[in-house]
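Only one structure is covered here, and it is reproduced in the block below.
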Amino acid sequence: MTSTGLSRRRFTALVATTSISAALAGCTSSSGDAASEEPETAEEDPAENTETSDSSGSESGQAGDTQNFDGWFDDVENFDGVDDETGSDAVAVDVGVEANGGAFGFGPAAVRVSKGTTVTWTWNGKGGTHNVVHTDGEFESELVGDEGHTFEYTFESAGVYKYSCVPHETLGMKGAVVVE
Ligand SMILES: [Cu+2]
């Protein structure tokens, strides 16, 4: 037992010395190459992809409507097709409906309106602070949490307007207004 322990200790010491000298050699010559190669392979780790494809529970919503909004609603739990509100002068969307793991939804998530319609978003006071921010910057509300707060926008041109609540976008707090 004693001799084994002794030889093992000596072996460890030997390895330690070897690796130190190897490290020193590495420092003077090829350390730069090693540093530039390693992070690249590390970033190709599919950790980020796992996050985005994590949301397999929302596929039933897509089947209900032919429009898929280029995947905009893939991770939106409460997307259930497009509510047809064409012909209405005023359309209401609730901010902070129960969805996406909390009060992190727009209700309805997607609505179809006629040109010239004013859409009014009304905060229900749940889920903390929210905002309504168009992806292309055409409209942007304040970031607030007060129940009863409203934001409105009149859609004069046809098109698909995607928007999100910026703080909760990654959770799936996203919406769209289809204007025709
Ligand atoms: Cu929000």
Side-chain angles (χ1 to χ4, degrees), residues 39 42-180:
E43 272 170 42
E44 276 170 49
D45 194 272
E48 280 183 42
N49 297 339
T50 320
E51 269 180 51
T52 46
S53 62
D54 197 17
S55 49
S56 50
S58 61
E59 269 159 38
S60 57
Q62 281 180 302
D65 198 89
T66 50
Q67 201 159 7
N68 77 354
F69 297 90
D70 301 323
W72 180 243
F73 287 117
D74 281 0
D75 55 353
V76 179
E77 183 191 289
N78 64 315
F79 174 67
D80 187 24
V82 184
D83 266 32
D84 188 8
E85 291 288 346
T86 50
S88 308
D89 300 336
V91 170
V93 176
D94 293 328
V95 179
V97 300
E98 201 65 34
N100 306 307
F104 307 125
F106 292 107
V111 64
R112 178 179 285 109
V113 304
S114 306
K115 249 190 280 186
T117 303
T118 298
V119 175
T120 302
W121 286 264
T122 304
W123 277 244
N124 65 9
K126 295 171 187 160
T129 56
H130 305 292
N131 57 9
V132 173
V133 180
H134 181 225
T135 52
D136 291 330
E138 237 177 82
F139 53 87
E140 177 171 350
S141 80
E142 291 174 78
L143 178 62
V144 290
D146 306 333
E147 181 181 0
H149 182 81
T150 60
F151 170 72
E152 57 177 52
Y153 186 78
T154 303
F155 293 87
E156 303 289 5
S157 313
V160 175
Y161 298 79
K162 297 174 195 169
Y163 65 90
S164 69
C165 164
V166 173
H168 304 127
E169 180 173 333
T170 53
L171 298 175
M173 191 164 180
K174 303 198 273 190
V177 178
V178 181
V179 183
E180 58 178 42

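Just so you know, ligand 1 is whichever comes first in the structure, and atom 1 is the first atom listed for that ligand. Along the sequence shown, residues are numbered consecutively beginning with 1.
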- Message: Using the ring centroid of each side chain, check whether Y153 and F151 are separated by less than 6.0 Å.
- Response: no
- Shortest non-hydrogen pair, G96 vs H130, comes out as CA-NE2, 3.9 Å
- Quick check: does N131 put an N/O/S atom under 2.8 Å from the Cu ion (ligand 1)? no
- Task: Starting from the Cu ion (ligand 1), look over the N/O/S atoms of H130 and name the nearest one.
- Result: ND1
- Step by step, would you call T117 with V179 a side chain to side chain contact (heavy atoms under 4.5 Å, CB included)? CA-CA 8 Å; T117 303; V179 183; over 6 Å; no
- Message: Of all the N, O or S atoms in H168, which has the shortest distance to the Cu ion (ligand 1)?
- Response: ND1
- Query: Between Y163 and F106, does the ring centroid distance fall short of 6.0 Å?
  - Reply: yes
